[in-house]
Amino acid sequence: MSTHNARGRCLMAGAALLALATLGAGTAQAQAVAVRAPDNFQATGADIAGWTWLRADGNFAEWTWNPAQGAPR
């Protein structure tokens, strides 16, 4: 599986995320969360139809993000 495909799927999934912050007496307010693509993706599973399948013992997937300049860690 290519790193480009993994980054695209990660961005698509991340774009749908919302963080809920509880304020006061049970009032919730939705806030947008900035999501950026990982800097590296590695996996040992099988690539089937553009998806990485972790089906065997010992398979792994790993995403790595390097700290962004000027951003909180």
Side-chain angles (χ1 to χ4, degrees):
M1 173 175 161
S2 74
T3 301
H4 177 72
N5 288 341
R7 287 181 180 176
R9 281 199 308 274
C10 185
L11 279 177
M12 289 171 51
L17 290 178
L18 289 178
L20 293 178
T22 303
L23 304 173
T27 303
Q29 179 182 6
Q31 297 178 351
V33 175
V35 178
R36 66 181 180 96
D39 296 306
N40 191 24
F41 172 78
Q42 295 181 23
T44 59
D47 182 16
I48 302 171
W51 291 85
T52 301
W53 292 84
L54 307 176
R55 301 185 298 177
D57 287 340
N59 282 159
F60 76 91
E62 177 180 80
W63 294 263
T64 305
W65 286 266
N66 296 326
Q69 287 185 328
R73 294 178 186 233

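Everything numeric here is computed off the predicted structure, so don't read it as measured data.
Looking at heavy atoms from C-beta onward, Arg55 lies in side-chain contact with Ile48 at the 4.5 angstrom threshold. Looking at heavy atoms from C-beta onward, Trp53 lies out of side-chain contact with Asn59 at the 4.5 angstrom threshold. Counting heavy atoms from C-beta outward, Asp39 and Asn66 have side chains that approach closer than 4.5 Å.
Considering all non-hydrogen atoms of both residues, Thr52 and Ala43 come closest at CG2-CB, 3.5 Å.
Thr44 places a side-chain N or O within 3.5 Å of a backbone atom of Phe60 that can act as its donor or acceptor partner. A donor-acceptor pair under 3.5 Å links the side-chain atoms of Trp65 to the main chain of Arg36, judged by distance alone.
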